[in-house]
There are 2 protein chains.
Amino acid sequence: MLTAKRHALIIEQLHKQASVTIQELVNLMDASESTIRRDLSELEKKDLLKRVHGGAMRINDTHAEPSYQEKVGQQTREKQKIAQVAADQLNDFDVIYLDAGTTTHAMIPYLKDRNITVITNGLMHLPELERYQIRTYLIGGQVKHKTGAIVGTVALKQLNAYHFDASFIGTNAIDERFGYSTPDPEEAEIKHKALLQGKRRFILADETKLNTKSSYQIATLNEATFIVDKLSKSMRTRLEKQTTVKVAKS
Amino acid sequence: MLTAKRHALIIEQLHKQASVTIQELVNLMDASESTIRRDLSELEKKDLLKRVHGGAMRINDTHAEPSYQEKVGQQTREKQKIAQVAADQLNDFDVIYLDAGTTTHAMIPYLKDRNITVITNGLMHLPELERYQIRTYLIGGQVKHKTGAIVGTVALKQLNAYHFDASFIGTNAIDERFGYSTPDPEEAEIKHKALLQGKRRFILADETKLNTKSSYQIATLNEATFIVDKLSKSMRTRLEKQTTVKVAKS
DNA sequence: ATCAAAATCATCCAAAAACAATCATAAAGT
DNA sequence: ACTTTATGATTGTTTTTGGATGATTTTGAT
């Protein structure tokens with residue numbers, strides 16, 4: 001039997017079983033002990049299993065889908081709640097703009113099987129969008145490697161060519177008077193433009209962003225519906241004088 | 001038996017089996033070991049299977065996660081050579097178009113520290129481009145998740161907004177009469193448009209693509225300089241009647 | 001806890017299998 | 001006629017394999 005095939009079989013076996021003995025493998029594949037031992041050594045070197053006396057054990061770091069698992073781990077419950085509320089604003093067949101960033105990222109699982117088309121400037125969204133087989137258009141322009149977003153004048157111009165049923169924009173700060181803001185002027189421009197191209201307009205933030213200001217304004221409060229995970233009663237009253245507010249039910 | 005028929009049979013077999021031994025194939029097709037070995041080598045070069053000691057394995061098309069690292073590993077010496085020749089055509093401060101695909105991917109390391117700006121439709125290039133800190137612009141448009149490329153009418157239109165000092169395009173096939181071609185009509189259009197927007201125009205292919213045709217024409221021979229790793233004397237003579245040819249020194 | 005038997009182990013070796021490279025021949029293409 | 005391509009045999013080299021060896025770990029009985 002082919003070496004590669006034996007390796008595949010061993011891994012498959014460990015997928016079912018959590019552990020195998022050398023003898024099991026010898027019988028299964030009709031190879032000598034020596035051969036199986038060698039196989040296990042090699043597979044261990046590749047971190048595909050853990051050798052133990054008498055056989056091998058499955059390694060349990062869910063190497064299957066690391067990027068997804070990792071990100072879910074990082075995704076706080078707050079962002080999940082915000083994403084849920086944002087997703088409630090969607091209709092089937094909507095064409096939406098999804099801003100770069102982790103808060104909007106959490107919305108992606110909710111888009112599944114709803115025939116929604118996504119336009120985005122966030123490269124970080126692409127693997128997840130592929131995972132759920134969502135039709136996706138990327139804004140063109142300069143790649144900001146550090147943040148994985150598309151920015152710049154080209155991107156700004158390209159946004160003119162699109163119109164969305166709804167825009168979902170993340171923000172770094174929200175202040176009662178200064179409105180929504182972010183530390184990067186280029187991103188502020190993009191976010192504002194993308195917001196305006198949407199028929200229904202949403203800005204997402206978690207409560208830690210309340211009553212903070214960054215240098216560059218994205219939009220004033222009245223330009224979008226504000227979605228947040230938690231909000232004090234008094235703050236809510238004051239904000240609602242200027243805009244619509246959606247709060248996650250806790 | 002025809003070479004092409006053997007190749008088709010091998011692929012078919014791997015479609016059923018995940019792995020085959022050379023002996024199995026020898027019996028199946030009544031050809032010598034030498035011949036089968038050659039077949040496997042060629043098919044591996046085309047990324048249609050993976051050779052292993054004793055036979056070959058199916059290539060796992062579910063490029064879920066390890067795709068990036070793996071592909072770098074799979075970068076054949078041939079592609080390296082082609083990339084080297086292509087890189088020789090560059091000037092410092094050039095603005096170039098880099099087509100999606102593995103052959104053009106191999107060029108990226110050569111762009112380092114030359115103040116070159118890259119415009120591309122290939123999402124697979126981005127990690128590598130970031131690694132070498134190369135200024136990058138992405139064409140906007142529909143994301144073709146399966147291949148990691150940007151395609152469609154939007155992308156086509158966006159290309160109008162750019163002009164390049166040089167375009168580097170990959171091809172699936174090159175035929176003396178039909179010119180360069182590829183199996184996907186959308187990609188063919190993008191490739192052609194991107195080629196035309198370049199002042200200096202290059203099409204890259206390895207020798208396995210010689211004398212083959214795909215359904216959709218990218219360009220005629222005279223529209224670009226042809227870069228290849230290997231070329232017979234007579235073929236070279238014939239091609240040079242229609243276009244400029246650069247061959248890697250072996 | 002201690003010991004001895006049994007099981008498992010790493011290492012080494014020689015035979016077998018698979019390999020790349022080369023050659024001569026034959027077939028196909030120009 | 002001449003080149004290019006495809007093929008199968010041969011060569012010497014490399015990789016894989018299974019068994020032998022003695023060391024190490026586990027087991028179970030004391």
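Naming convention: chains lettered A, B, ... in sequence-line order (proteins, then strands); numbering from 1 in each chain.
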Quick one: which of [options] gets closest to the side chain of [X]?
X: A/S34; options: D/dG18, D/dT10, D/dT26; value: D/dG18
X: B/R38; options: D/dT16, C/dT22, D/dG18; value: C/dT22
X: B/R37; options: C/dA20, D/dG8, D/dT16; value: C/dA20

Determine yes or no for a side-chain-to-main-chain donor-acceptor pair under 3.5 angstrom, with B/T136 supplying the side chain and B/I134 the backbone. yes

Closer than 3.5 angstrom, by distance alone: can the side chain of B/Q133 be matched with the main-chain N or O of B/E130 as a donor-acceptor pair? yes

Without decimals, in angstroms, what is the distance between [X] [atom1] and [N] [atom2]?
X: B/N211; N: C/dT30; atom1: CG; atom2: P; value: 9 Å
X: B/E24; N: C/dA18; atom1: CD; atom2: C1'; value: 15 Å
X: B/I22; N: D/dT16; atom1: CD1; atom2: C1'; value: 14 Å
X: A/D39; N: C/dA10; atom1: CG; atom2: C1'; value: 15 Å
X: B/M29; N: D/dA6; atom1: CE; atom2: P; value: 15 Å
X: A/E33; N: D/dA20; atom1: CD; atom2: C1'; value: 13 Å
X: A/M1; N: D/dT17; atom1: CE; atom2: C1'; value: 14 Å
X: B/K5; N: D/dT7; atom1: NZ; atom2: P; value: 14 Å

Can you tell me if the side-chain N/O atoms of [X] get under 4.0 Å from OP1 or OP2 in [N]?
X: A/R51; N: C/dA10; answer: yes
X: B/S32; N: D/dG8; answer: yes
X: B/R6; N: D/dT7; answer: yes
X: A/T3; N: D/dT17; answer: yes

Please work out if A/V52 contacts a base, only the sugar-phosphate, or nothing of the nucleic acid, heavy-atom cut-off 4.0 Å. sugar-phosphate

Any pair counted as ring pair (Phe, Tyr, Trp, His ring centres under 6.0 Å), so long as it reaches residues 1-42 of chain A, sequence neighbours left out: none

Does any part of the side chain of A/Q80, heavy atoms only, come nearer than 4.5 Å to the side chain of A/Q84, both counted from C-beta? no

Do you know the tightest heavy-atom contact between B/M124 and B/H105? O-CE1, 3.4 Å

